[in-house]
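Accompanying notes for the structure given below.
In what follows, every heavy atom counts, from backbone to side chain, and hydrogens, waters and symmetry copies are set aside.
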Amino acid sequence: MAGPRSLTYIAHPIARRALGKKHADLGLLLDHWDDIVGGDLARYAVPDRIAKGRKGGATLHVRVAPGAASRLQHDIPRLIERLNAVLGTGAVESVRLTQTNVGAGPKRSRRPPPLPAQEAATLDSLMLSVQDPSLRAALSALGEGIFRRSATAQRPETARNAPRKTQ
């Protein structure tokens with residue numbers, strides 16, 4: 001029996017049938033973009049869409065920060081080679097770059113506030129039976145997201161969003 005496989009490996013054939021080759025391929029590129037262009041360049045270049053060519057090959061449209069466009073332009077032949085290694089021989093014929101602001105550096109995410117004590121205790125009790133630490137951490141993060149989402153869905157309208165009373 002084969003070892004564990006990534007979710008992308010399993011889901012890509014299903015997505016390809018459901019969404020069509022073009023959209024599923026773009027999803028696959030988004031998932032593996034760091035590996036294809038390298039982590040440094042991936043922060044400044046983002047695949048935008050795939051346009052089908054007249055003779056079967058496609059054009060990948062990539063949004064690129066202006067400072068990185070010349071560097072990526074130089075590497076287009078190697079990029080096409082890597083893209084075709086992921087998508088299949090001859091899948092991408094050309095790459096078209098569009099200079100735009102895609103982000104001038106790594107994204108900074110704000111850490112959400114901790115869960116209220118009661119919800120944290122509930123989540124901890126649900127995680128007691130999970131032995132694998134990495135699985136426990138992933139499930140805890142998922143649980144926190146679910147608790148936060150349900151809390152915002154149940155939150156009453158704030159005074160700021162409430163309709164104003166007219167006199």
Check your understanding: Atom CG in Asp48, atom CG in Leu97: separation rounded to 0.5 Å?
Key -> 11.5 Å
Point to revise | Closest non-hydrogen atom pair, Leu72 against Ala45 | key: CD2-CB, 4.0 Å
Practice item. Can you see which heavy atom on Ala68 is nearest to which on Leu41, and at what distance? Key: CB-CD1, 3.9 Å
Review point. What are the two closest non-hydrogen atoms of Ile50 and Ala58, and how far apart are they?
Key: CG2-CB, 3.5 Å
Review point. Can you name the closest pair of heavy atoms from Ala42 and Asp34 and give their distance?
Key: CB-OD1, 3.0 Å
**Study point:** Atom pair CE/OG1 of Met127 and Thr122 - distance to nearest 0.5 Å
**Key:** 11.0 Å
**Study point:** Residue from Thr98, Val46, Ile76, Val95 passing side chain to side chain contact (heavy atoms under 4.5 Å, CB included) with Val62
**Key:** Val95
**Study point:** Non-neighbouring partners of Ala85 that pass side chain to side chain contact (heavy atoms under 4.5 Å, CB included), sequence neighbours left out
**Key:** none
Check your understanding: How would you list all residue pairs meeting side-chain hydrogen bond (donor to acceptor under 3.5 Å, both in side chains) that involve residues 76-90, not counting sequence neighbours?
Key -> Asp75-Arg78
Practice item. Return the minimal non-hydrogen interatomic distance between Arg148 and Leu115, and the atom names on each side. Key: NH2-N, 3.9 Å
Point to revise | Side chains of Leu79 and Val92 in contact at under 4.5 Å (non-hydrogen atoms) | key: no
Exercise for review: Compare every heavy atom of Leu60 with every heavy atom of Pro47, then report the nearest pair and how far apart it is.
Suggested key: CB-CD1, 4.1 Å
Review point. Can you check whether Val130's main-chain N or O pairs, donor with acceptor, with Arg136's side chain at less than 3.5 Å?
Key: yes
Revision key, fill the gap. One should read off an interatomic distance between Ser140 OG and Leu126 CG, to the nearest 0.5 angstrom, of 9.5 Å
